[in-house]
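Values in this document were obtained by computation on a predicted structure and should not be read as measured data. Atoms within each ligand, like the ligands themselves, are counted from 1 in listed order.
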Amino acid sequence: MGKVRIRLEGISKSYYAKTAVTQALRKINLTFQMGEFVAITGESGSGKSTLLNIIGGMDTFDEGEMYVDDQPTFQYDDKDWEEYRRYKIGYVFQDYSLIGHYSVLDNIKSGLLVMGENEENAERISAHYLKLVGLEGYELHKATELSSGQKQRLSIARALAKNTGIIVADEPTGNLDSETGEQIIALLKELSKERLVIMVTHNYEQAAAYVTRKIRIHDGEVVVDVPVNEGEETQGKLAEDSPAHKSITPDGAIEAAGAETTGRSLKPLKTAWFFAKKNAFTQLGRASLFIIFLTIIAVASFLLLGELFLYEDDIVTKLYSNKAFYQECDTRLVVKKADGTSLTEEDYEKLRDVSNVLVVDSCDYANDINYYIEEDVDFEYLYSFNWHDREEKKTIKFLSDTKFMRSADCITEEDLAYGRLPEAGNEVVLYAEDDSLLGRTRQCYFKANNIWDDGEYYDADLKIVGILKEETEQIYFTTEFCEMLSMHIDSGVYRICYDYNYEKMDYNQMPELVPVIADDLTGNQVRVSSSIESAVSGEVLFRFQGYDENGELIEEYIEETVEVQKNTTSHSKDFLEVSREFYEKYYSAGHEQASVYITSYAKTDEVMGALKRMGYDALSTIRVSSADYDEKLVYDRLKVMAICFGGLLALIMAEVLILRSLMKIRMKDYFVLKFIGMEMKMIRKISYLEIGVYCLVALILTIALMWGLRLAGIPIIAEMMWYYEARGYLIFVVYNLSLSAVTVAAFNRLLKGRLNA
Ligand code: ADP
Ligand code: MG
């Protein structure tokens with residue numbers, strides 16, 4: 001007799017259902033040896049499958065002991081049972097236990113890969129056994145597409161391909177026609193000569209001529225256990241030409257049974273990757289379901305994180321005060337040279353080249369001057385009749401303070417659709433649909449809130465010399481015009497003395513005048529508003545008083561005799577219209593600071609840092625103008641951040657709950673893989689890999705989608721994406737990957753519970 005492989009001692013097994021306890025096996029004592037071909041019979045429900053499951057290491061028992069190769073199994077842990085199933089048992093399942101969405105070939109291959117076989121060998125061995133069971137040509141069919149008989153043959157081929165020393169088969173011929181059934185039994189008979197084959201059968205007659213032993217079970221007890229066909233030579237010679245009992249080794253040689261070693265080199269990641277890939281590609285519908293779900297989570301988390309990044313800076317909680325910079329703009333920096341010297345053309349070029357800098361305007365002050373255009377309904381005239389003077393009085397009502405001057409520094413020829421860049425005086429460019437406005441004029445009012453007194457304004461007719469390509473409300477003025485209007489009192493004090501007789505009077509009592517160019521004046525001609533009542537026409541004294549580098553008033557005056565005209569249609573009272581010639585004599589172009597506009601407030605620190613390294617001083621106009629906290633904004637900010645955090649937490653719950661349930665569709669497959677001997681560790685790896693890949697795809701889709709929306713100009717997306725720097729994307733990716741990892745871990749815990757139940 002052969003070596004004892006399996007010995008059962010007093011094995012009992014009960015199933016506990018809610019309402020009843022079924023004792024499936026009662027104190028079974030059986031010994032199985034190498035070379036045996038055992039047929040187990042008995043009516044349905046007698047415990048045959050239970051016995052086979054225990055022998056196959058698929059199920060546990062309540063009492064007694066099972067010895068494998070004379071070793072008791074009481075100390076076996078999960079891993080030992082895994083190894084037992086993997087290396088010692090080839091199992092033909094009553095219900096086939098195939099992975100339906102895998103191809104026929106992949107089903108067989110699975111068993112071999114689980115044993116650590118490499119893919120190439122697995123494929124060769126599989127092909128051999130497929131041929132053996134007559135499934136040649138069906139390699140690429142899905143297992144679900146097979147008939148019951150074909151499924152049974154596939155299940156048999158998978159068990160045989162493992163080339164294990166013990167084969168257990170639960171009604172392997174139940175669904176086969178009698179001819180095929182008999183072939184299979186003959187095959188098992190051949191195999192049993194070097195193995196132990198235990199087969200449950202319904203149809204003992206079919207097997208009677210082949211088996212060496214017959215066991216009959218009734219109600220969980222062995223009632224018959226007899227050797228049969230004893231006269232025959234059980235250890236008979238094998239037919240040389242039949243490869244059925246042999247397996248093909250990696251190098252193509254035929255090898256006898258007994259791959260019962262753990263010596264094969266396992267490449268766990270490669271194997272896990274094979275199964276993860278199969279899962280993804282054989283069920284594209286399910287794979288897309290996973291990806292769609294993960295993409296929804298990723299998009300939601302992208303938006304929530306973006307909003308968090310946006311609200312990270314507490315500038316959002318501060319009140320803007322227009323005392324320092326009249327224009328409220330969060331992308332404007334004011335830049336000076338650290339050494340205090342004037343900015344040059346070269347500096348402007350360097351500034352424009354800084355990353356995230358959009359435009360540079362050398363006329364910084366003008367960027368805080370409002371302009372108003374009648375066509376844009378920026379102002380309206382108010383008329384009143386003055387009974388005293390018996391004339392109609394016209395006053396201006398400005399309607400909005402949203403438009404601020406910019407010089408043509410900010411544009412180039414390329415921005416123009418028609419015409420040319422403004423060069424001198426009142427020339428401007430603006431946007432229009434066509435060139436019909438070229439050469440026309442526009443009446444425009446200006447208000448330099450930080451420089452002039454309240455109520456003072458300047459008006460000018462602007463000549464349109466160019467039309468911009470891109471639609472914008474912004475009008476671009478000449479540098480000269482911008483500099484003129486932003487002529488700050490810092491540049492000097494302009495006063496005229498109206499009467500020689502007033503020589504002794506304090507000049508400081510005279511109004512400070514803002515010099516503006518009037519092209520119709522020449523030489524020392526000047527013009528003041530007729531509303532300055534004390535002003536007289538004729539030759540009067542003009543005084544100019546400048547400032548030194550520290551901003552201190554220089555004591556000396558420059559005095560000059562000017563010819564004063566009075567103007568009845570002046571802008572407002574404190575301007576002094578002068579000839580260009582006169583203007584240039586006293587005007588000193590101070591280019592100490594420039595306005596630099598950046599792509600987004602998010603880049604403020606980055607750009608300021610870069611400027612500092614280049615030797616410039618920069619300040620953010622919104623920051624210096626925002627000092628005080630607004631209680632309501634502080635509250636709003638906290639609310640938004642709390643909502644974002646809450647949302648991110650809710651996403652964790654949603655993902656863990658929903659994705660984990662989605663993953664249950666894999667449960668059945670994992671049962672099969674467990675039965676054919678896959679380690680729990682490997683199963684865990686497969687789920688991590690599969691979901692990991694879906695997650696990466698979802699992340700790529702999300703980022704692509706967001707960039708698409710950003711480029712399409714969706715403002716809320718574009719705004720938050722400025723805050724997505726390397727750190728932002730890293731947080732986004734890490735958040736989503738760990739979310740998936742947590743979910744897979746939760747699923748794996750569930751899986752372990754189910755698989756070991
Ligand atoms: P057989 O294979 O001989 O038809 P089984 O071994 O499948 O019989 O079942 C033996 C007994 O145990 C039956 O009464 C069956 O109802 C019961 N049984 C089998 N599996 C379970 C289970 N998972 N839960 C509860 N009862 C079970
Ligand atoms: Mg059964």
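- Inside a 4.0 Å radius of atom 4 (O) of ligand 1 there is at least one protein heavy atom.
- N229 places no side-chain N or O within 3.5 Å of a backbone atom of T212 that could act as its donor or acceptor partner.
- For the pair K270 and F274, the cation-pi criterion (under 6.0 Å, within 45° of the ring axis) is not fulfilled.
- Using cut-offs of 30° and 60° on the angle between ring planes, the pair F290 and Y694 is parallel.
- Atom 2 (O) of ligand 1 has S49 OG, 2.7 Å as its closest protein atom, hydrogens excluded (heavy atom only).
- Under a 4.0 Å criterion applied to the non-hydrogen atoms of S44, ligand 1 contributes the atoms 4 (O).
- Nearest heavy-atom pair, G100 versus K142, reported as atom, atom and distance to 0.1 Å: O-CB, 3.9 Å.
- Atom 13 (C) of ligand 1 is approached by the protein to below 4.0 angstrom, counting heavy atoms only.
- The pair D219-R26 meets the salt-bridge criterion, with a side-chain N (NZ, NE, NH1 or NH2) lying under 4.0 Å from an Asp/Glu carboxylate O.
- Not a single donor-acceptor pair under 3.5 Å links the side chain of T22 to the backbone N or O of A24.
- Counting heavy atoms only, T50 comes closest to atom 9 (O) of ligand 1 of the residues T22, T50, L52.
- An N or O contact shorter than 3.5 Å links S46 to ligand 1 by distance.
- Looking only at heavy atoms of the protein, atom 22 (C) of ligand 1 is closest to Y15 CD2, 3.4 Å.
- When the heavy atoms of G220, G45, A24 are ranked by distance to atom 1 (P) of ligand 1, first place goes to G45.
- Of the possible polar contacts, one joining the T702 side chain to the A698 backbone as a donor-acceptor pair under 3.5 Å is found.
- Between the Mg ion (ligand 2) and S49 there is an N/O/S contact shorter than 2.8 Å.
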